[in-house]
Amino acid sequence: GGVQFGYTLLSVILISNIFAMILQHLSVKLGVVAERDLAQACRDHFSPTTNFILWIFCEIAIAACDLAEVIGSAIALNLLFHIPLTWGIVITTIDVLFILLLQSKGFRWIESIVGGLIFIILACFVYELVISKPAVNELLAGLIPQKEIIQNPAMLYIAIGILGATVMPHNLYLHSSIVQTRDYERTREGKKEAIKFATLDSTVSLMLAFFINAAILILAAATFHITGNKNVADIHDAYKMLTPILGASMASIAFAIALLASGQNSTLTGTLAGQIVMEGFLNIRLKPWLRRLITRLIAVIPALIVA
């Protein structure tokens, strides 16, 4: 998006993020007030057939998001350590299962790992933005929606991709479940307070996500679009060209590290969401390790085929 259209699609990232904030707030309310996650609430209110169809759609959504994330991690391992893509996918699968073993020690462990990975991504992109020196006026203008986004089919196509990468349906299932692990009084006042703090928590997280998503587009616009390299469509090309164009030896490495951290972060949340969705919709009680393995395989097999 940044390579082809400069800063124009920044407004799409901003609007998508506002959508995500509202939907996360609603899923927090559902989890805290009803004490049900989104999948369980669907099971309570819909027929078994509808629930089965919803579960299938949800698994497809998780697999589609995970496909990009697993391959993204594999490409990052390939760029940093020259590991072939197929082996990269195997490694990303194993380490996510290892991290999920920590879940038995409590949910705070998982949250700490996710927080740490977000900090790494943030640090890498702050560095990239500082050295790419984006044009501030054009950047601010990009936050204002343009009707060209809807009129230009190529722009609209990428805008839809940005929307799907920002408002991830499986995160709503995950969030409505995670919020119930919080320690709060199960009274009217306690629930009100829990909603307030959980909403604040998710909004701050999504503001960080907005910064990271916007930084990727700004970096591409400031580095490739401005220099006339408008045909960079591949992560490998971006990796090779960042250092020579920006003249900073760490530019490409920081990009690959951020890619690896974001891939791991997203596959971790995708696997957790897969567990919640399967339990909530189908009421299947499997052993945690078996559930994780099934969830992982649903996403990894398409990734191996693509690789």
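Any value given below was found using the heavy atoms of this structure, including those in side chains, with hydrogens, waters and symmetry copies removed.
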Between R43 (side chain only) and F281 (backbone N and O only), is there a donor and an acceptor less than 3.5 Å apart?
no
For S205 and S202, which I'm curious about, is there any donor-acceptor pair between the side chains at under 3.5 Å?
no
Distance-only donor-acceptor hits, side chain of residues 141-170, under 3.5 Å, sequence neighbours excluded:
{"from": "Q146", "atom 1": "NE2", "to": "I144", "atom 2": "O", "distance (Å)": "3.2"}
{"from": "N152", "atom 1": "OD1", "to": "A154", "atom 2": "N", "distance (Å)": "3.0"}
{"from": "T166", "atom 1": "OG1", "to": "I162", "atom 2": "O", "distance (Å)": "2.7"}

Backbone N/O of L206 and side chain of N17: donor-acceptor pair under 3.5 Å
yes
Under 3.5 Å donor-acceptor, T269 side chain and S266 backbone
yes
Take atom CZ in R188; do more than 12 heavy atoms of anything else shown fall under 6.0 Å from it?
no
K191, NZ: over 12 other non-hydrogen atoms inside 6.0 angstrom:
yes
Under 3.5 Å, which donor-acceptor pairs link side chains of residues 81-94 to any protein atom two or more places apart or in another chain?
{"from": "T92", "atom 1": "OG1", "to": "G88", "atom 2": "O", "distance (Å)": "3.4"}
{"from": "T92", "atom 1": "OG1", "to": "I89", "atom 2": "O", "distance (Å)": "2.7"}
{"from": "T93", "atom 1": "OG1", "to": "I89", "atom 2": "O", "distance (Å)": "2.7"}

Contact check, side chains of F224 and L242, non-hydrogen atoms, under 4.5 Å:
yes
Using a 3.5 Å distance criterion without hydrogens, assess whether the side chain of T243 forms a donor-acceptor pair with backbone atoms of S252.
yes
With the threshold set at 4.0 Å, does a side-chain nitrogen-carboxylate oxygen contact exist between D201 and K196?
no
Could you check whether T199 and H25, counting side-chain N and O atoms only, form a donor-acceptor pair closer than 3.5 Å?
yes
Around E35, counting heavy atoms of other residues, nucleotides and ligands shown, do more than 12 lie under 6.0 Å from its CD?
yes
For the backbone of E69 and the side chain of S73, can you confirm whether one donor and one acceptor N or O come within less than 3.5 Å of each other?
yes
For the side chain to side chain contact (heavy atoms under 4.5 Å, CB included) test, which of L208, I212, I216 pairs with I121?
I212
Let's go through F211 and V126 carefully: what are the C-alpha distance in whole Å and the side-chain angles of both, what is the deciding distance for side-chain contact (heavy atoms from CB on, under 4.5 Å) to 0.1 Å, and is it a yes or a no?
CA-CA 9 Å; F211 175 82; V126 166; 3.9 Å; yes
Regarding T223 and S132, do their side chains bring together a donor and an acceptor under 3.5 Å, going by distance alone?
no
Okay, side chain of E59, backbone of I56: is any donor-acceptor separation there less than 3.5 Å?
no
Would you mind reporting whether Y173 and S27 have side-chain heavy atoms less than 4.5 Å apart?
no
Tracing side-chain contacts under 4.5 Å among Ile, Leu, Val, Met, Phe, Trp and Tyr outward from V179 reaches V28, V32, V33, Y184, I195
